[in-house]
Amino acid sequence: MARTQRNKATAHHLGLLKARLAKLRRELITPKGGGGGGPGEGFDVAKTGDARIGFVGFPSVGKSTLLSNLAGVYSEVAAYEFTTLTTVPGVVRYKGAKIQLLDLPGIIEGAKDGKGRGRQVIAVARTCNLILIVLDVLKPLGHKKIIENELEGFGIRLNKRPPNIGFKKKDKGGINLTATCAQSELDFDTVKSILSEYKIHNADITLRSDSTADDLIDVVEGNRVYIPCIYVLNKIDQISIEELDVIYKVPHCVPISAHHRWNFDDLLEKIWDYLRLVRIYTKPKGQLPDYTSPVVLPDSRTTAEDFCNKIHKNLMKDFKYALVWGSSVKHNPQKVGKDHVLEDEDVIQIVKK
C-alpha cells in the first residue's frame, strides 16, 4: 500500500486492500475456535462504581504510583519493568461519584499480537469508560504513537465519534448507496469492493458525513468501541518550567507528577469532564434533598426512567410521576413523566401509584 500512488484510478484498489487488512486483523484478534484451555488466571476485575478508568502505558512510567496516590490503594512499585502483573483496582470518590481506577500491566510494542499478555490488557481496556494513557515526559512522544497504534489495532478508537454511516444488511436487492453530502473518498465502486471483501452483496448504506474507507470498514466490522482518552504526562518534576508551558498546549493532555502529587486536582477535573456523568440528587417526601450521595448516570441515558432503573428495576412498575427541581424544568417543582430528560445536579422526588 505504501508503494501505491494515491489517485482516482487506484482508490478502488486501496479500498480493497484496506478491507482485506482489517479482516485479517480481526481474525488475529479473535482466533477461529481453538481447543478449550483450562481456566487460566483471571485478568479482568468486577465492575463497580459509576465509571471505570483504565491506566494504559509502557512499563515504568508511573501508573502504579499514580493509582496509589489517587486512590490510596497499594499497588507494588519497584525500579524494574513489569512490576504490575495483573489488574489492580482502586476507587476514587469525586463529586459524589465512585470512579473505579484500574492499574493495568504495561504494554509494549506488539501487544495487540499477544506480546507480554498484551491481548488481555487491551481487552480490559476495551471495557473502560475512559482510558488514561500514562506517558513519561522524558521519553519521546514516539511512545504515544506506539500505544495508540496498539489500541487502534484492537478495535479501540480514541477521542473519536462513531462515523455517521447507516448500514443495514438485506436479503436481496443489491447494494444501495445514498450520500447526503459530497464524498471526497468513497464512491460506489469503492464501497462495493469493500463490502464484497466481507461477502456482503445486499445492503443499504447511507453516508451522512464525508467519510473515509476506514470509517466504512469500522461500521461493517461493528466491533469497534469509541472511548475518550486523556494523555497523562508523568514525572514533570524532572523538566523546566519553559518545557512545561509547551506541554500544556497539547490537546487532551494533563501534566502531573504522581510521586509529588502535583496537579492531581486538574487531572480529576479533566477526568470528570471526559466521563460526562450527570448527578441527580434524591429528595424524600417532606425532607430536605440529600446532597451527599447523588445517583450518577451516564449522559447518554438520563431520563427519569433510567434514573428509576438505576435504583431498582421494580421501581418503574409503581411509577406515577416525578417532581423535579433544577435546570431541566421550566418551574420548580415540576411534575414530569418517565421520558423527561434530567440534567446535572437536578433534584428529583418520585411519586408512586
Side-chain angles (χ1 to χ4, degrees), residues 51-71 75 77 84 90 92 94-95 97 99-109 111-112 118 121-122 124-162 224-277 298-299:
R52 182 179 218 190
I53 300 177
F55 295 165
V56 175
F58 275 88
S60 296
V61 291
K63 297 188 292 295
S64 299
T65 314
L66 180 58
L67 178 83
S68 306
N69 287 343
L70 265 180
S75 178
V77 180
T84 310
V92 63
Y94 188 65
K95 293 192 178 178
I99 300 170
Q100 184 183 36
L101 305 173
L102 297 183
D103 175 20
L104 299 170
I107 61 174
I108 47 179
E109 198 166 353
K112 63 176 187 288
V121 177
I122 303 179
V124 176
R126 267 184 79 114
T127 65
C128 298
N129 304 96
L130 170 68
I131 290 179
L132 293 191
I133 293 187
V134 188
L135 302 163
D136 190 335
V137 163
L138 303 170
K139 302 217 174 112
L141 274 176
H143 282 182
K144 169 171 173 272
K145 278 272 175 296
I146 293 173
I147 292 177
E148 280 173 356
N149 214 358
E150 299 299 317
L151 296 176
E152 292 263 318
F154 216 81
I156 297 176
R157 300 281 174 266
L158 302 172
N159 288 332
K160 273 192 197 162
R161 306 234 41 88
R224 305 289 188 247
V225 284
Y226 296 85
I227 303 179
C229 157
I230 300 175
Y231 304 107
V232 180
L233 292 174
N234 192 10
K235 310 191 184 178
I236 55 169
D237 49 318
Q238 301 175 16
I239 58 168
S240 64
I241 301 282
E242 290 78 18
E243 289 171 303
L244 194 55
D245 287 339
V246 176
I247 286 170
Y248 237 104
K249 297 191 176 84
V250 183
H252 308 300
C253 199
V254 185
I256 62 156
S257 168
H259 186 66
H260 295 283
R261 299 172 181 244
W262 293 348
N263 208 13
F264 273 12
D265 44 358
D266 201 17
L267 175 64
L268 283 166
E269 191 51 51
K270 194 137 191 167
I271 285 175
W272 183 258
D273 287 347
Y274 277 64
L275 283 173
R276 314 226 319 256
L277 298 172
D299 81 331

**Heavy-atom closest contact (E152 atom, R157 atom, distance)** = O-NH1, 3.1 Å

**Prompt:** Can you tell if the side chain of Y274 reaches within under 4.5 Å of the side chain of N159, non-hydrogen atoms only?
**Reply:** yes

**Fill in**
With sequence neighbours left out, the residues meeting side-chain contact (heavy atoms from CB on, under 4.5 Å) with P298 are S300, R301

**Where C128 and L102 come nearest, the two heavy atoms and their spacing** = SG-CD1, 4.4 Å

**Item:** H252 side, atom NE2; I133 side, atom CD1 - distance, nearest 0.5 Å
**Value:** 11.0 Å

**Asked** To the nearest 0.5 Å, what is the distance between CG (L151) and CD1 (I146)?
**Response** 12.0 Å

**Message:** Distance check, rounded to the nearest 0.5 Å: L275 atom CG versus I53 atom CD1?
**Reply:** 4.5 Å

**Item:** With C229, the side chain to side chain contact (heavy atoms under 4.5 Å, CB included) member among L158, L132, V56, I147
**Value:** L158

**Message:** For I227, give me all partners under side-chain contact (heavy atoms from CB on, under 4.5 Å), at least two apart in sequence or on another chain.
**Reply:** I131, I156, V225

**Asked** Among all residues two or more places apart in sequence or in another chain, which pass the side-chain contact (heavy atoms from CB on, under 4.5 Å) test with D273?
**Response** E269

**Request:** Mind checking the CH2-CG spacing from W262 to L267? Nearest 0.5 Å is all I need.
**Result:** 15.5 Å

**Message:** Taking the side chain as everything from C-beta on, heavy atoms only, tell me whether I271 gets closer than 4.5 Å to V254.
**Reply:** no

**Prompt:** Between L277 and A97, which heavy-atom pair has the shortest distance, and what is it?
**Reply:** CD1-CB, 4.4 Å

